[in-house]
2 protein chains.
Amino acid sequence: MSQDGAGVDLETSLGYLLKEASSALRSAMEGVLRPLGMSVTHYSCLELLAQRPGLSNSELARGTFVTRQTMNVLLQALERDGYVTRPAEAPFGKVLPAELTPSGRRSLEKATAAVRSVEVRMLAGMTEAEQSGAFRILQSMVRSLRDGNDGV
Amino acid sequence: MSQDGAGVDLETSLGYLLKEASSALRSAMEGVLRPLGMSVTHYSCLELLAQRPGLSNSELARGTFVTRQTMNVLLQALERDGYVTRPAEAPFGKVLPAELTPSGRRSLEKATAAVRSVEVRMLAGMTEAEQSGAFRILQSMVRSLRDGNDGV
DNA sequence: TCGATCATGTCAGAATGCTGACATGAGTCA
DNA sequence: TGACTCATGTCAGCATTCTGACATGATCGA
């Protein structure tokens, strides 16, 4: 199965498995969000805004792991469709705090329920201890990867 | 910090953390692969072919978590640049087995070393037991997500 | 043997995200 | 005060990936 001497054995690589898990999660989320006419990034943006009202474009971008240019395009669409509002002028500096409209909040409700069901399914068969263990380990990975990243 | 009653708390959501970890890994891999003129999918394809010579386009697509259309575009580019060869005619059915050329193998060597260093960094500070625990847990997540996915 | 079903390779067009670039406002330091 | 650095919002162009569609070859059941 494993090729001796090869650098990264896909069968035992945690990096590969991480990618696989992330792909499966994304796929499952797309599956439940598509009927609602929502993409994963779309949903992530609304969810983030619901939990932290007033976040700026750049902050939302960091929170959803896309560039601020990408988030800007998405925010403009969400604004046009009436899910999000931003003031015409920045109250301070250039930062424009965004907020959900009632329509945005309504639209988010169904999506949140759908995504929660996916997360529940993902955690099926795992004990509480395993879940908190997974949490610690993933956090450790993120920290280690960020550290050596030269601030990029 | 947490909003009581909200469906998915980002601070404690394993799904969100999984996405964060995957994003950090991808970012780190892009960082080391870019100087080599290689994208993550590009590398993944070569690595997969090195470990399992003769994989078809569709099999490579599944192994790198992209569609077979995407992999087809990539394979054509890799073929054009002399990293991969495929027979002009299928030895059986329509399946075209792909293989690395010596040039492809050479190009992969540096990339493998770079990616391995990223994986080592990611696992820094984790015990053997934690790593195998992480492996089991991620596998469990993948299985649970796939199960309810209606075969998509 | 024949028709239905499925997987594959491939082309074309659309969607999504990224890099590059620019102007603007805040903070820092001499 | 003035120069410098940094983060932000935004526009434009490019890269990557996806969805839709089609023809072809293998497989299976009647």
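Naming convention: chains lettered A, B, ... in sequence-line order (proteins, then strands); numbering from 1 in each chain.
Put simply, B/Thr67 has a side-chain N or O that comes within less than 4.0 Å of OP1 or OP2 on D/dC18.
The minimum heavy-atom distance linking A/Leu33 with A/Tyr43 is given by the pair CD1-CB, 3.7 Å. Listed here is the closest heavy atom pair of B/Ser103 and B/Gly82: CB-O, 3.7 Å.
Residues A/Ser56 and A/Glu59 have side chains that bring a donor and an acceptor to within less than 3.5 angstrom of each other. For the residue pair A/Thr41 / A/Ser44, no side-chain donor-acceptor distance below 3.5 Å is found, with atom types taken as modelled. If you check the side chains of A/Ser13 and B/Glu119, you find a donor sitting under 3.5 Å from an acceptor.
With rounding to whole Å, A/Arg26 atom CZ is found 12 Å from D/dT17 atom P. D/dC18 atom C1' lies 17 Å from atom CZ of B/Phe65, rounded to whole Å. Distance B/Leu33 CG to D/dT16 P: 13 Å, rounded to the nearest Å. D/dC18 atom C1' lies 14 Å from atom CE of B/Met71, rounded to whole Å. In this structure, B/Leu75 atom CG and D/dT17 atom C1' are separated by 15 Å, rounded to whole Å.
A/Glu79 pairs by the salt bridge (Lys or Arg N to Asp or Glu O under 4.0 Å) definition with A/Arg86, not counting sequence neighbours.
Counting non-hydrogen atoms under 4.0 angstrom, B/Ser58 reaches the backbone sugars and phosphates but no base. Nucleic acid contact for B/Ser39: none, since no nucleic acid atom lies under 4.0 Å from a heavy atom of the residue.
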Scan nucleotides 12-14 of chain D against the protein and return all N/O pairs shorter than 3.5 Å with their distances rounded to 0.1 Å.
none

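If you walk DNA chain C from 5' to 3' and mark each nucleotide with an atom closer than 4.0 Å to a heavy atom of chain B, the marks span C/dT8 to C/dT19.
Sequence order on DNA chain D of the closest nucleotides to A/Glu30 and A/Arg86 puts A/Arg86 first from the 5' end. With DNA chain C read from its 5' end, the first of the two nearest nucleotides for B/Leu96 and A/Val66 is the one closest to B/Leu96. Mapping A/Lys94 and A/Val73 onto DNA chain C by nearest heavy atom places A/Val73 at the nucleotide closer to the 5' end.
Between A/Glu99 and A/Arg105, no side-chain nitrogen of the basic residue sits less than 4.0 Å from a carboxylate oxygen of the acidic one, so the salt-bridge criterion is not met. Look at B/Glu11 and A/Arg52 and you find a salt bridge, because one of the NZ, NE, NH1 or NH2 atoms lies within 4.0 Å of a carboxylate O, short of that distance.
Between B/Tyr83 and B/His42, the ring planes are perpendicular. Angles over 60° get that label, and only those under 30° would be called parallel.
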